[in-house]
Amino acid sequence: QVQLVESGGGSVQAGGSLRLSCEASGYTEVGYCMGWFRQAPGKEREGVAAIDIDGNILYSDSVKGRFSASKDNAKNTLYLQMNSLKPEDTAMYYCAAADDGVGYATDPLSPNDEYKYWGQGTQVTVSS
């Protein structure tokens, strides 16, 4: 059974940094795409960054240049380095992953059924 466990959230002041981690377990292969999503109170869940099996990364316009995603295939862990954080980055951040063998998402930043597995979320709060 696939499980995703996020860690690294917390509270920081504007301009600060945080690094989120998402460890995946239960996969029999490493050929699956993954993504980071976030949801603020009263808002829809939105894509932040997505990475395919080739290591290509797509970022949302709102975080481009400030956030950096990476994946350590040996550790089955996805990371999100968040710099220059803004109060509007405050949200619950979720890691998501596709099914084994699904290396590419047709709409990588859309929180749709292509992402079969979701983590429990980790809260990021940025104060001004």
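Computed from a predicted model, the values in this text were never measured in an experiment. In what follows, residues are counted from 1 in the order of the sequence shown.
Rounding to the nearest 0.5 Å places CD of Q13 at 5.0 Å from OG of S127. Here the OG1 atom belonging to T90 is positioned 7.0 Å from the CD atom belonging to Q123, to the nearest 0.5 angstrom. Atom CG of L20 is separated from atom CH2 of W36 by 4.5 Å, given to the nearest 0.5 angstrom. L80 contributes atom CG, which lies 10.0 Å from atom SG of C95 (distance to the nearest 0.5 angstrom). Atom-to-atom distance recorded for S110:OG and Y115:OH is 8.5 Å, nearest 0.5 angstrom. Atom SG of residue C22 and atom OH of residue Y93 lie 15.0 Å apart, to the nearest 0.5 angstrom.
The heavy-atom pair separating Q120 from V5 by the smallest distance is OE1-CA, 3.8 Å. Heavy-atom minimum distance, S128 versus A14: CA-CB, 4.3 Å. In plain terms, the two heavy atoms of T122 and S7 that are nearest each other are OG1-C, 4.4 Å. Q39 approaches K43 most closely through the heavy-atom pair NE2-O, 3.1 Å.
Judged purely by atom type and a 3.5 angstrom limit, E6 uses its side chain to pair as donor or acceptor with the backbone of G121. Judged by distance alone, with hydrogens and angles left aside, the side-chain atoms of E23 form no donor-acceptor pair with the main-chain N or O of N76 at under 3.5 Å.
Scored by the side chain to side chain donor-acceptor pair (under 3.5 Å) test, D89 finds R38, R66 as partners (sequence neighbours excluded). Remark: T106 pairs with E114 by the side chain to side chain donor-acceptor pair (under 3.5 Å) rule, at least two apart or across chains.
At a cut-off of 3.5 Å, with distance as the only test, no side-chain donor of N56 or Y104 sits close to an acceptor on the other residue. Counting only N and O atoms by type, the side chains of D72 and T77 include no donor and acceptor under 3.5 Å apart.
With respect to S11, the side chain to side chain contact (heavy atoms under 4.5 Å, CB included) criterion is satisfied by exactly one of V126, T125, L18: T125.
Heavy atoms of other residues, nucleotides or ligands lying less than 6.0 angstrom from CG of D107 number more than 12.
Tracing side-chain contacts under 4.5 Å through hydrophobic residues (I, L, V, M, F, W, Y), one reaches V2 starting from M34; they form part of the same cluster. Taking hydrophobic clusters as Ile, Leu, Val, Met, Phe, Trp and Tyr residues chained together by side-chain heavy-atom distances below 4.5 Å, L85 does not share a cluster with Y79.
Side-chain contacts under 4.5 Å among hydrophobic residues (ILVMFWY), followed directly or transitively, place L109 together with L58.
No side-chain heavy atom of Y94 sits under 4.5 Å from any side-chain heavy atom of P111. Looking at M82 and R19, their side chains never come closer than 4.5 Å, going by heavy atoms from C-beta outward. When side chains are defined from C-beta on, W118 counts as touching R45, because their heavy atoms get closer than 4.5 Å.
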Check step by step if side chain to side chain contact (heavy atoms under 4.5 Å, CB included) holds for S60 and F67.
CA-CA 10 Å; S60 67; F67 290 12; over 6 Å; no
Hey, mind stepping through S70 and Q81 against side chain to side chain contact (heavy atoms under 4.5 Å, CB included) and telling me if it holds?
CA-CA 8 Å; S70 60; Q81 177 66 44; over 6 Å; no
Check step by step if side chain to side chain contact (heavy atoms under 4.5 Å, CB included) holds for F37 and E46.
CA-CA 5 Å; F37 297 82; E46 62 175 356; over 6 Å; no
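Relative orientation of the Y32 and Y27 rings is parallel, given thresholds of 30° and 60° on the angle between their planes.
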